[in-house]
Participant: 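The structure under discussion is supplied below as structure tokens; questions concerning it will follow.
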There are 2 protein chains.
Amino acid sequence: MKNVYAVKGNIIFTKAFGKFEVLENGYIVVEGKLVKGVCGHLPEEFSGVRIVDYGDSLIIPGFVDLHLHASQYGNLGLGIDKELMPWLETYTFPEEARYSDIEYAKKVYSALIRELWRYGTTRCCIFATMHKDSTKLLMDLLAQSGLSAYVGKVNMDRNSPEYLVEDTKNSIEDTEEILKEYLSKYELVKPIITPRFVPSCSPKLLKSLGNLAREYRVPVQSHLSENCDEINFVRKLHPDHDNYASVYESAGLFGEMPTVMAHCILVDEDEIELMRKNNVFVAHCPLSNCNLSSGIAPIRRLVSRGIPVGLGSDISAGNSLSMMNVIVNSGQVSNLKWLQSSRVDKPLTTAELFYMATKGGGKFFGRVGSFERGYEFDALVIDDSNLSIFRSLSLEERLQKFIYTGDDRNIKVRYVSGREVKEPILY
Amino acid sequence: MKNVYAVKGNIIFTKAFGKFEVLENGYIVVEGKLVKGVCGHLPEEFSGVRIVDYGDSLIIPGFVDLHLHASQYGNLGLGIDKELMPWLETYTFPEEARYSDIEYAKKVYSALIRELWRYGTTRCCIFATMHKDSTKLLMDLLAQSGLSAYVGKVNMDRNSPEYLVEDTKNSIEDTEEILKEYLSKYELVKPIITPRFVPSCSPKLLKSLGNLAREYRVPVQSHLSENCDEINFVRKLHPDHDNYASVYESAGLFGEMPTVMAHCILVDEDEIELMRKNNVFVAHCPLSNCNLSSGIAPIRRLVSRGIPVGLGSDISAGNSLSMMNVIVNSGQVSNLKWLQSSRVDKPLTTAELFYMATKGGGKFFGRVGSFERGYEFDALVIDDSNLSIFRSLSLEERLQKFIYTGDDRNIKVRYVSGREVKEPILY
């Protein structure tokens, strides 16, 4: 059978929120880019197909990072001592300005893509910068790498440093140019509408971006309710709106097209209801929320309300691209949130967090993040033999140990949409 | 000059709490095991000494881990979904029971020591288990490795699973045997009195351990006020005592000899005052406190009161031996504590946390954790050239980037008490 192959190993994934599917020494049969099925023994009909045997390794879905700022990779680990607004002014904006230089962009973006590959992030939603050319370059480099991503040229035409304020008309035109050029250029790398956040986008710009999203049928990403000062600022800018989310909604940027909002720490009841109604995704970025003293998002509550949640690294406010680190930190802050909520909002389990880091975020990309039939085959092969294992462990325990104590060195092979992706050599 | 050498590189350390001392391309002159001085140019008198040039690398003090359970290394990353008391019963106690098997102990302890070395932990305070022989073995292996540690045979004679309850008399005799044999056996590895915690030690046992500490002039380590259920249990066991700390104090185990207490999350005002008066050290273990839903220790308050604080990994409740990870997590939870305290308890800065991870904890070992004259020369050489550096950074920024984004791969050389320590091959 052409285009059919099987991988063999210890298979773990989450079909339902919080429940591991486990198959020891099983097979995943792949046809083209899609999973045909998972089975303990290869059925007769596949007897002739190529089998890639990963021995005692674990095979898990690739990680999905729902929120990161590619241009801030050079700032990773720097300046972790400020709140959101002063941090933007001191660290973020000056760094982003450098992306008018296409050579600088090429250097940093290439290094970033290699790191994403290293850490097993097979899909991500990326903020680039306002610069059209380096945003296009980032999409080209990603396509070359074999990883999958939504990439947004950032829009910002107010309340930003002079050197980063766009002319509204140019901002819209540049965005449309990218949409036209990149909408069908690549299969795995696509554009996404990316207003930075309400404070830095005029109502006119937001409205136009909403129109573009609708016209070109592209998804939307932005930030929502991360920090007290930010929310007060939005309230001051938009006294006519009941809340932060409604500013996006009135511009057609809150679920009319698939939408993901980072943070959502301080969302009020009306915003939660709007998110639920419009199926707006949350990108939960706890490393960032801890580093910038923003607080702990009410993830248990959001999940209980049926709002789709994935995880995000949010570099460089987050200090790590590793989705394993993000899972660990998400678990830890969910424990603290449980204490904060007088033991009402139950801690998130490893299986729930693993779901968020794979299928939960993967839904934003379609049928991604699981090994169910019809899902795109994104996978990681994990060799955990160097970890602190001194007795026989279940596969769930081995996965937990990998997440909590392993790192990129344990990831031996990556697949994206049915194809093995080798280390990208881009620069 | 015999026994004198100099290392050259970019030197960073913290002499005072929260303030980096920085010297680009400087020298640290070492005589025997002690630092003679730090200088920009080598004075005439040292012109002939051997110079080890580490080029553009950073040279920082070795990390001090004030609290870890060696026997739980095999459980690292497992079972992170329980609170303290059920977690002890399900994961910890059954694993500790295995240390009656000296071969098992040898295997795990050897692997652990190699990991400590890898992560640049040059000094640590270790809980072994109640087993005399494997505790001795751990001390022998540590001495062989060249790392420095206090190692405690754990004492526990009540409220523990049957297979881990000691006979009180045996517990005391075994402890004294170790003290006699190991008090002067090694220079860098020493015994420490280690009642597990009040719930598992009878008043008689505690009293006897206090006597041993005084008689043999050895330090003391235990746990204090980690979790609500634990504190309620202590209150029920000791209704005659005002608080948890006073149970230790009445047994001569709270500062009569140098004492370090892990956690101290829920200490009350009287306990804080007692700690201050008796100069009791806190081992702050935020990874553990997050994983077990224990809460966030009031470190800013404790430091303001003049209580000495160091950091601890507390494996396997903590999920990482990396003191870089512990620093990062400490910063993050201090930000959350700032929010919790209505912005009263200021977040801990990187320089403050670095102090805690070096000189703060190092004080428990004497003159350790700094490059001031007369300090034992414990150092790490850090090659950060593979990190995400795309523009010129200050040395403070480079250190911050290493802590927040680097790992063991960046640590190229380790010194303990004046000697370079190579990778230990123990098993």
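The chains referred to below are lettered A, B, ... by the order of the sequence lines, with proteins before strands, and numbering in each begins at 1. All values below come from the heavy atoms of this structure, side chains included, with hydrogens, waters and symmetry mates left out. Everything numeric here is computed off the predicted structure, so don't read it as measured data.
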Participant: Taking side chain as everything from C-beta outward and backbone as N, CA, C, O, which of these in B:Leu287 sits under 4.5 Å from a heavy atom of chain A? Side chain, backbone, both or neither.
Facilitator: both

Participant: Select, from A:Lys107, A:Arg391, A:Glu396, A:Arg398, the one with the greatest count of heavy-atom pairs under 4.5 Å involving chain B.
Facilitator: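 The answer is A:Arg391.
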
Participant: Over all heavy atoms of both residues, which pair between B:Asn291 and A:Asn335 is shortest? Give the atoms and the distance, please.
Facilitator: O-ND2, 3.2 Å

Participant: Could you report the tightest heavy-atom contact between B:Arg409 and A:Asp408, atom names first, then the distance?
Facilitator: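 In terms of heavy atoms, the two residues are closest at NH2-OD1, 2.7 Å.
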
Participant: Can you name the nearest heavy-atom pair linking A:Arg343 to B:Cys228, along with the distance?
Facilitator: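 Smallest interatomic distance, heavy atoms only, reads NH2-SG, 4.1 Å.
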
Participant: For A:Asn319 and B:Gln332: C-alpha separation, side-chain torsions, deciding distance, then whether side chain to side chain contact (heavy atoms under 4.5 Å, CB included) applies.
Facilitator: CA-CA 11 Å; A:Asn319 59 290; B:Gln332 292 171 338; 3.4 Å; yes

Participant: Does B:Glu397 reach the main-chain N or O of A:Leu78 with its side chain, forming a donor-acceptor pair under 3.5 Å?
Facilitator: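 Between the backbone of A:Leu78 and the side chain of B:Glu397 there is no qualifying donor-acceptor contact (under 3.5 Å).
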
Participant: In terms of relative ring orientation, are B:Phe390 and A:Tyr104 parallel, tilted or perpendicular, with 30° and 60° separating the classes?
Facilitator: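 Geometry flag for A:Tyr104 against B:Phe390: perpendicular rings.
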
Participant: Which bit of B:Ile403 is near chain A, if near means a heavy-atom gap under 4.5 Å: side chain, backbone, both or neither?
Facilitator: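 Contact with chain A: none, neither part.
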
Participant: Heavy-atom distance under 4.5 Å to chain B: side chain of A:Ile80, backbone, both or neither?
Facilitator: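 Both parts, heavy atoms under 4.5 Å.
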
Participant: Report the distance from atom NZ of A:Lys401 to atom OG of B:Ser316, rounding to the nearest 0.5 Å.
Facilitator: 8.0 Å

Participant: Side chain from CB out, backbone as N, CA, C, O: work out which of these in B:Ser294 comes under 4.5 Å of a heavy atom of chain A, or both, or neither.
Facilitator: backbone

Participant: If you count every heavy atom of other residues, nucleotides or ligands that lies below 6.0 Å from A:Arg301 atom CZ, does the total exceed 12?
Facilitator: no

Participant: Which region of B:Asn325, side chain (C-beta onward) or backbone (N, CA, C, O), has a non-hydrogen atom less than 4.5 Å from a non-hydrogen atom of chain A, or is it both or neither?
Facilitator: neither

Participant: Check step by step if side chain to side chain contact (heavy atoms under 4.5 Å, CB included) holds for B:Leu76 and A:Ser388.
Facilitator: CA-CA 7 Å; B:Leu76 198 68; A:Ser388 51; 3.7 Å; yes

Participant: Please classify the contact of B:Glu95 with chain A as side chain, backbone, both or neither, using a heavy-atom distance under 4.5 Å.
Facilitator: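 B:Glu95 touches chain A through side-chain heavy atoms alone.
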
Participant: What part of B:Arg114 gets closer than 4.5 Å to chain A, counting heavy atoms only: side chain, backbone, both or neither?
Facilitator: neither

Participant: Please rank A:Leu387, A:Thr350, A:Leu336 by heavy-atom pairs under 4.5 Å with chain B and give me the top one.
Facilitator: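 Heavy-atom pairs under 4.5 Å are most numerous for A:Leu336.
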
Participant: Counting only heavy atoms closer than 4.5 Å, note whether B:Glu115 contacts chain A via side chain, backbone, both or neither.
Facilitator: neither

